[in-house]
Structures are given as C-alpha cells and as structure tokens.
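Bear in mind the structure is a predicted one, so any value in this text is a computation, not a measurement. Count residues from 1 along the sequence.
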Amino acid sequence: MEYLFIFIVGLLIYVEYKLYKTFLNPFIIIAITYTFLILINNIIATKMGFYAVSGNSILYLLYFLILIFIISVIFYILTKNKTSEVKDKS
C-alpha cells in the first residue's frame, strides 16, 4: 500500500510542480510531510515496537491529499483566468 501511496502522491506533486513551478506551496509541503511520516513509521518505527499505519488509514490520507490537490487546481484555474482578464489602462 505504501508503494501505491508514494506513486500517486509523487504523480500529484509532479503535476502541482508543473502548474506552480515551485516546490513551496501548501499541497506539496503537506504531501511530502505525510509521505515522510508514513514511510518512517512503517519502515523504522514498526521495528521499534510501534504499530504500522494501516492500509485504510493510508487510503484516507490519499483521499484527503487528492481533495487538496483538486482544490488547488481549481484555485489555479480561477485565478489564472481572472488575472488574464485584467488589462493595462495606459
């Protein structure tokens, strides 16, 4: 399940980077943080006695990240159309 999560989040981060041309936006920061925490927990922390993040929890997080991504893309489209309508009055 972790590999599917990493693949989908990586794909979403790539598309988000192509839209905004930067890695410093809310979606990418949240997605990288969740991916890092899940990987550290399921690879290292489980060997130290902690519980692993379940597949259902990873799916819920993926659903949450996809919603944030869709909102970000809609916001990008709305602001791009709005800024292209403004013309210089000079």
Side-chain angles (χ1 to χ4, degrees):
M1 181 57 67
E2 292 89 7
Y3 299 116
L4 178 67
F5 180 78
I6 292 170
F7 176 74
I8 293 174
V9 169
L11 185 67
L12 294 177
I13 288 174
Y14 176 74
V15 171
E16 187 87 7
Y17 174 75
K18 288 296 184 181
L19 284 176
Y20 289 105
K21 308 285 190 253
T22 183
F23 283 110
L24 295 176
N25 60 39
F27 171 76
I28 292 178
I29 293 171
I30 292 171
I32 288 174
T33 304
Y34 276 121
T35 304
F36 178 73
L37 290 174
I38 288 173
L39 287 178
I40 293 297
N41 186 62
N42 284 356
I43 293 172
I44 297 172
T46 54
K47 294 178 183 172
M48 297 172 23
F50 291 94
Y51 292 111
V53 178
S54 68
N56 285 340
S57 297
I58 293 174
L59 286 176
Y60 291 140
L61 287 172
L62 189 59
Y63 173 70
F64 165 71
L65 290 174
I66 290 172
L67 284 176
I68 292 175
F69 175 77
I70 291 170
I71 291 169
S72 175
V73 170
I74 291 170
F75 179 76
Y76 175 79
I77 292 170
L78 290 176
T79 58
K80 184 177 179 183
N81 290 341
K82 196 149 201 119
T83 57
S84 65
E85 293 176 2
V86 176
K87 295 183 180 179
D88 190 19
K89 301 257 182 186
S90 304

Could I get the full list of side-chain hydrogen bond (donor to acceptor under 3.5 Å, both in side chains) partners for [X], not counting sequence neighbours?
X: Tyr14; value: none
X: Thr46; value: none
X: Thr35; value: none

Going only through I, L, V, M, F, W and Y residues with side-chain contacts under 4.5 Å, is there a path from [X] to [Y]?
X: Phe36; Y: Ile68; result: no
X: Ile77; Y: Leu12; result: yes
X: Leu78; Y: Leu67; result: no
X: Ile32; Y: Phe5; result: yes
X: Ile13; Y: Leu24; result: no

* To do: Just jot down the side-chain contact (heavy atoms from CB on, under 4.5 Å) partners of Ile43, sequence neighbours excluded, or say none.
  => Leu39
* **For Val15, side-chain contact (heavy atoms from CB on, under 4.5 Å) partners two or more places apart** => Phe69
Distance-only donor-acceptor pairs under 3.5 Å for side chains of residues 49-66, two or more places apart:
{"residue": "Ser54", "atom": "OG", "partner": "Ser57", "partner atom": "N", "Å": "3.3"}
{"residue": "Ser54", "atom": "OG", "partner": "Ser57", "partner atom": "OG", "Å": "3.1"}

* To do: Might you point out which heavy atoms bring Ile29 and Phe23 nearest each other, and give the distance in Å?
  => CG1-O, 4.3 Å
* To do: Return each pair, listed once, that meets side-chain hydrogen bond (donor to acceptor under 3.5 Å, both in side chains) where at least one residue sits in residues 20-33; pairs must be two or more places apart or across chains.
  => Tyr20-Ser72
* Structure fact -> When rounded to the nearest 0.5 Å, the distance separating CG of Asn42 from CD1 of Ile44 is 11.0 Å
